[in-house]
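Everything on this sheet refers to the single structure shown next.
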There are 2 protein chains.
Amino acid sequence: MNDVPWLSDDEQRMWRQWMGLNAELLATLNRETQADAGLSNADYQVLVVLTDSAEGRIRVSELAAALQWERSRVSHHVARMEKRDLVSRRGCPDDGRGAFVRITETGRAAIERAAPGHVRTVRRLVFDALSADEVAQLGEIFHRLRSRVGRSTG
Amino acid sequence: MNDVPWLSDDEQRMWRQWMGLNAELLATLNRETQADAGLSNADYQVLVVLTDSAEGRIRVSELAAALQWERSRVSHHVARMEKRDLVSRRGCPDDGRGAFVRITETGRAAIERAAPGHVRTVRRLVFDALSADEVAQLGEIFHRLRSRVGRSTG
DNA sequence: CTCATGTAGGTGACGTGTCACCTATATGAC
DNA sequence: GTCATATAGGTGACACGTCACCTACATGAG
């Protein structure tokens with residue numbers, strides 16, 4: 001447990017910039033979709049998966065897998081979204097334990113209202129400041145790091 | 001609001017890898033300090049700032065500035081940490097409105113228990129997989145992006 | 001001194017995320 | 001069929017973060 005090589009100044013600076021950027025980026029995007037359509041980041045992600053799914057519906061487990069969320073998180077969040085009429089839940093005829101989540105008209109309207117601003121902001125804050133080479137390189141690096149994190153835990 | 005240029009496939013892949021990596025990295029680090037010393041990421045960050053401060057104490061506003069947190073967040077979090085005896089609060093003699101947050105012996109013990117594992121994990125998951133060039137480049141990119149985000153909101 | 005205004009910090013309500021745990025159904029061995 | 005076990009999903013408690021709002025003290029103008 002002892003004698004851990006500490007981070008160098010460069011590493012520490014980079015790490016702090018990274019974590020700070022994450023927090024600011026997420027907060028900015030959250031405020032944006034919240035203001036545009038009353039959607040949180042989590043709401044937005046759920047609705048994106050649903051609009052990409054056949055017939056706007058998906059099994060809870062598949063939703064969890066698509067978002068890389070715990071199932072209990074999906075349960076809680078879908079319950080909250082259901083109260084706001086953004087999605088609806090229905091049992092699955094093929095599997096008595098299963099459940100489908102379906103996007104409602106309200107949900108569809110909300111994401112259509114939120115998406116343009118969201119995309120524009122991501123473009124403005126991130127991609128407008130990066131060259132194509134940098135985008136490719138970052139994609140490769142994030143993929144590389146992600147496989148390490150995944151291997152280490154779950 | 002219409003005619004927003006959508007993200008290319010490369011951009012979208014990179015963006016998803018990025019956001020996914022962030023979430024997994026934070027969750028992993030959180031579980032680690034939680035298991036090692038019963039500390040959340042937020043606890044850890046607060047204690048790092050406190051140990052770096054003269055006499056292990058700092059004004060609430062300075063703590064907020066150092067962490068880039070809202071002051072109300074600091075208030076809430078310090079209150080929770082105070083209950084667990086990780087920090088203590090004292091009034092500021094020079095400014096009747098002010099308050100100091102001080103690290104306790106318990107808090108110092110906790111971060112000393114958490115730090116080695118935390119640093120080792122950051123090194124293993126991130127820096128061991130990056131060349132020095134990549135670290136420098138990422139530092140520059142994150143800095144560049146962060147200044148855009150900061151300019152756009154606050 | 002007195003009053004207007006700004007600043008430090010705290011509070012309550014509420015949405016979010018995790019953990020531990022629960023119920024109900026499915027499924028394969030026998 | 002019956003039982004053990006696995007799986008789908010949900011629930012409650014609690015920590016975290018944000019927003020709107022509040023109180024108390026500081027400070028400069030007059």
Side-chain angles (χ1 to χ4, degrees), chain A residues 19 22-35 38-46 57-84 86-101 153-154, chain B residues 19 22-35 38-46 57-84 86-101 153-154:
Chain A
M19 293 298 114
N22 285 350
E24 289 173 17
L25 217 40
L26 287 181
T28 301
L29 291 171
N30 197 54
R31 256 177 246 122
E32 167 124 38
T33 53
Q34 197 80 57
L39 297 179
S40 66
N41 279 337
D43 298 332
Y44 188 89
Q45 289 180 69
V46 168
R57 68 174 179 38
I58 192 174
R59 285 286 292 275
V60 169
S61 290
E62 288 176 38
L63 181 54
L67 296 169
Q68 303 254 84
W69 284 7
E70 300 183 7
R71 273 175 325 172
S72 98
R73 179 178 176 185
V74 174
S75 258
H76 279 303
H77 203 83
V78 165
R80 287 189 293 260
M81 291 179 77
E82 197 177 21
K83 273 189 208 156
R84 295 152 60 210
L86 295 167
V87 301
S88 66
R89 269 190 288 199
R90 308 188 69 177
C92 170
D94 298 345
D95 187 333
R97 300 165 301 180
F100 277 105
V101 183
T153 43
Chain B
M19 293 299 114
N22 285 349
E24 289 173 16
L25 217 40
L26 287 181
T28 300
L29 291 171
N30 197 54
R31 258 178 244 120
E32 167 125 38
T33 53
Q34 196 80 56
L39 297 179
S40 67
N41 278 337
D43 298 331
Y44 188 89
Q45 290 179 69
V46 168
R57 68 176 181 36
I58 193 175
R59 285 287 290 276
V60 169
S61 289
E62 289 176 39
L63 181 53
L67 295 169
Q68 301 255 84
W69 284 6
E70 300 183 7
R71 273 174 324 170
S72 98
R73 179 179 177 185
V74 174
S75 258
H76 280 302
H77 203 83
V78 164
R80 287 189 292 260
M81 292 179 75
E82 196 177 22
K83 274 189 206 154
R84 295 153 59 211
L86 295 167
V87 301
S88 66
R89 270 190 286 199
R90 307 188 68 177
C92 171
D94 299 345
D95 187 333
R97 300 165 302 181
F100 277 106
V101 183
T153 43

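Just so it is clear: chains get the letters A, B, ... in the order the sequence lines come, proteins before strands, and each one is counted from 1.
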When you measure from the side chain of B:Ala42, which nucleotide among C:dA8, C:dG17, D:dG17 comes out closest?
D:dG17
Comparing A:Glu70 and A:Asp94 on DNA chain C - which has the more 5′ nearest nucleotide
A:Glu70
Please report, rounded to the nearest Å, how far the P atom of C:dT16 is from the CG atom of A:Leu67.
14 Å
From the list D:dC16, D:dA8, C:dG10, which nucleotide is the closest neighbour of the side chain of B:Ser75?
C:dG10
Using the side chain to side chain contact (heavy atoms under 4.5 Å, CB included) rule, take B:Met19 and A:Gln45 through it: C-alpha gap first, then chi angles, then the decisive distance, then the call.
CA-CA 11 Å; B:Met19 293 299 114; A:Gln45 289 180 69; over 6 Å; no
Between atom CH2 in B:Trp69 and atom C1' in C:dG10, what is the gap in whole Å?
16 Å
Are any of the side-chain heavy atoms of A:Arg84 and A:Asp43 separated by less than 4.5 Å?
yes
Of the nucleotides D:dC19, D:dT11, D:dA8, which one has an atom closest to the side chain of A:Arg31?
D:dC19
Nearest-nucleotide check on DNA chain D, B:Asp95 vs A:Ser72; residue mapping nearer the 5' end is A:Ser72
Could you give the CE-to-P distance, from B:Met81 to D:dA15, as a whole number of Å?
14 Å
For B:Gln34 and D:dC14, give me the distance from atom CD to atom P, rounded to whole Å.
15 Å
Close side-chain approach of A:Asp95 to A:Arg59, heavy-atom, < 4.5 Å:
yes
OG-CE distance between B:Ser88 and B:Met81, expressed to the nearest 0.5 angstrom
11.0 Å
Taking the side chain of B:Arg97 as its heavy atoms from C-beta onward, which of D:dC19, C:dT16, C:dG6 lies nearest to it?
C:dG6
Can you tell me which nucleotide in C:dA8, D:dC16, C:dT11 comes closest to the side chain of B:Arg84?
D:dC16
Would you mind reading off the distance between B:Arg89 atom CZ and C:dA8 atom C1', rounded to a whole angstrom?
13 Å
Quick one, B:Val78 and B:Leu63 - any side-chain contact, counting heavy atoms below 4.5 Å?
yes
Which nucleotide wins on minimum distance to the side chain of A:Arg80, given the candidates D:dA26, D:dG10, C:dT16?
C:dT16
From the set C:dC19, C:dT16, D:dC19, return the single nucleotide nearest to any side-chain atom of A:Ser40.
C:dT16
Would one find a side-chain N or O of A:Arg71 under 4.0 angstrom from OP1 or OP2 of D:dA8?
yes
Indicate whether the side chain of B:Arg80 and that of B:His77 have a donor and an acceptor atom separated by less than 3.5 Å.
yes
Are A:His76 and the base of D:dT11 stacked, counting only ring centres nearer than 5.5 Å and planes tilted under 30°?
yes
Atom-to-atom span, CG of B:Asn30 to P of D:dA15 - whole angstrom
13 Å
Check the distance between D:dT18's C1' and A:Asn41's CG and give it to me in whole angstrom.
13 Å
Considering only side-chain heavy atoms of A:Arg73, which listed nucleotide, C:dG17, D:dC19, C:dA20, is closest?
C:dG17
Figure out the CG/P separation between B:Leu26 and D:dG17, and round it to whole Å.
10 Å
Return the nearest nucleotide to the side chain of B:Ala99; candidates are D:dC19, C:dC19, C:dG9.
C:dG9
